[in-house]
Amino acid sequence: MGIRSGMMYTAGVMSVGASFISWLLSKEYEGDIARADRWGLFVGEWAPTFFALGVALRLEETREEMISGQPMEERGERMSRRFGGRVPAGI
């Protein structure tokens, strides 16, 4: 699969930042606080969608790893590299 869960998580975080920047710039240029709020909320609504897609993709990635039959030690090493040398609890 071309799109990974990490990409969706990154898009969600970027959406939160874009929401704040959109609100700030709209507030400055429009002069109307209500319109600025609507712009910020519009962009901010993307973040939960990206995070939900990230979770769904992560579940699919985990399922594919389990089906492929890789040994748990090999999977643990890959997960360790993916998370900067430490495996998160529950994985």
Side-chain angles (χ1 to χ4, degrees):
M1 188 177 270
I3 299 175
R4 307 294 295 175
S5 60
M7 294 175 186
M8 288 291 116
Y9 295 138
T10 302
V13 170
M14 290 175 62
S15 175
V16 171
S19 174
F20 178 72
I21 291 170
S22 169
W23 172 77
L24 192 63
L25 292 175
S26 181
K27 181 178 158 186
E28 186 175 313
Y29 291 118
E30 295 287 338
D32 180 18
I33 192 83
R35 188 172 174 111
D37 286 347
R38 284 192 294 271
W39 270 109
L41 289 173
F42 172 69
V43 176
E45 289 176 352
W46 302 344
T49 303
F50 287 132
F51 289 130
L53 287 171
V55 169
L57 286 170
R58 182 64 197 134
L59 291 172
E60 184 65 23
E61 292 165 0
T62 303
R63 187 182 71 81
E64 287 175 3
E65 289 172 359
M66 294 177 88
I67 289 174
S68 69
Q70 294 177 348
M72 292 299 283
E73 299 85 359
E74 183 180 327
R75 237 180 84 210
E77 289 175 10
R78 270 202 4 225
M79 294 298 287
S80 177
R81 281 182 295 199
R82 183 179 296 164
F83 290 101
R86 62 185 192 288
V87 178
I91 294 181

**Student:** With rounding to the nearest 0.5 angstrom, report the OG to CD distance, S5 to E60.
**Tutor:** 11.0 Å
**Student:** What I'd like to find out is whether the side chain of T49 reaches to under 4.5 Å of the side chain of E45, using heavy atoms alone.
**Tutor:** no
**Student:** Same cluster or not: are M14 and V43 linked, directly or through other Ile, Leu, Val, Met, Phe, Trp or Tyr residues, by side-chain heavy atoms under 4.5 angstrom apart?
**Tutor:** no
**Student:** I want to check something: taking the side chain as every heavy atom from C-beta on, are V16 and F20 in contact at a cut-off of under 4.5 Å?
**Tutor:** no
**Student:** Which value, rounded to the nearest 0.5 Å, describes the distance between I3 atom CD1 and E61 atom CD?
**Tutor:** 11.0 Å
**Student:** So L57 and R4, do their side chains get closer than 4.5 Å, heavy atoms only?
**Tutor:** no
**Student:** Between G2 and M7, which heavy-atom pair has the shortest distance, and what is it?
**Tutor:** O-CE, 3.7 Å
**Student:** Which pairs with one or both residues in residues 14-25 pass side-chain hydrogen bond (donor to acceptor under 3.5 Å, both in side chains), sequence neighbours excluded?
**Tutor:** W23-D37
**Student:** Can you list, by chain and residue number, the hydrophobic cluster partners of Y9 when the side-chain cut-off is 4.5 Å?
**Tutor:** V13, F51, V55, L59
